[in-house]
Amino acid sequence: MRVTTWNVNSAKQRVPRLLPWLDQRQPDVVCLQETKLTDAAFRELLGGPLEERGYEVAVHGEAQWNGVAILSRVGLGEVVAGIPDGPGFPHPEARAVSATCGGIRVHSVYVPNGRTPDSDHYHYKLAWLAALREQVAAGPKEAIVCGDVNIAPADADVFDPAAYVGHTHVTAPERDALAQLQALGLRDVIRDRWPDKRVFTYWDYRAGMFHQDLGMRIDLVLASAPVAGRVQAAWVDRLARKGTGPSDHAPVVVDLDEAPDGDIGPMVPPPSAPVKRGKTKLPQSPPGQ
DNA sequence: ATGTCACGTACCACGTGA
């Protein structure tokens, strides 16, 4: 099963890149971010072409900004739009959608940018991440969080750490919030696969940043242990960032092996009723590299 | 000194968000 995530920076503008990419890469699950379309406009624009290709669609969008979606051709159930009781700015925005696809709880997320570390938007970003953590924690343990997290997990994930001092995406509170999400037992599958490689997913359109490979790794696939254990391949599709009319983000592609039988349970066992089988106990924090 | 793109509104340019 091939699971992917891509911040397309306007689904409408990206149609000429998105549809050929689906045909080329044949993903089973596609998490999209920054669709920038209402649900009605998304279905009007892409409903037909996606149905032809065998995809069911879960969308959560708005007219101008944000917007997320999940496309799946391995089933799409129990769709939840947004983060129930999550924070807004000031009103809730279309930044998350989740669904069960091929037995995995899939979350497509577009984490707030944060703008500047002294802004209200930055505090909103941190609160939003905490709410996402609670939502994932309350869900099944077969889980995968995919999307634009607008955080570079480590200094190795930015082209020049010095250039980002004092900016969002690299501050300790942001990284801590991401680490707390990962502390549910979520593995960063790209970094696991490429521990020492220079690997980015986003390059600013300006100043030939892509051509010089001056980017950031802010689009992540975070997989719970049972899913991370099935990873057969994990890579960034830089080809999709090249050529005419690309998004400023590249897709992340993850291939999973077949699921083993059984052993379905909650992400975090209730304290009053601990899971005693102990067969696939989740670590309290990700093991060190 | 932002070498870009996309958004809406409003017109052939600008403010905003990223």
Can we say A:Arg73 and A:Glu56 salt-bridge, meaning some charged N sits less than 4.0 Å from an Asp/Glu carboxylate O?
no
Taking OP1 and OP2 of B:dC5, is either one under 4.0 Å from a side-chain nitrogen or oxygen of A:Ser10?
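For A:Ser10, the contact criterion (side-chain N or O under 4.0 Å from OP1 or OP2 of B:dC5) is not met.
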Starting from A:Trp65 and following side-chain heavy-atom contacts under 4.5 Å between hydrophobic residues (I, L, V, M, F, W, Y), which residues can be reached?
none
Separation of the C1' atoms in B:dG15 and B:dA10, to the nearest angstrom
12 Å
Other residues, nucleotides and ligands only: do more than 12 of their heavy atoms fall within 6.0 Å of [atom1] on [X]?
| X | atom1 | result |
| --- | --- | --- |
| A:Asp160 | CG | yes |
| A:Gln212 | CD | yes |
| A:Glu44 | CD | no |

If only side-chain N and O atoms count, and only distance matters, is there a donor-acceptor pair under 3.5 Å linking A:Asp213 with A:Trp203?
yes
What string of B, S and - do you get for nucleotides 8-18 of chain B, 5' to 3', when a contact is any protein heavy atom under 4.0 Å?
S--------SB
Please confirm whether the ring centroid of A:Tyr164 lies under 6.0 Å from the ring centroid of A:His169.
no
Looking only at the aromatic ring of each residue, does the gap between the centers of A:Trp6 and A:Trp21 stay below 6.0 angstrom?
yes
Using whole Å, what does the distance between atom C1' of nucleotide B:dT4 and atom CZ of A:Arg14 come to?
11 Å
For the pair made of CH2 in A:Trp203 and C1' in B:dG3, what is the distance, rounded to whole Å?
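Taking atom C1' of B:dG3 as the reference, CH2 of A:Trp203 is at 19 Å.
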Contacts to DNA chain B from residues 162-170 of chain A, heavy-atom cutoff under 4.0 Å, which residues?
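The answer is none.
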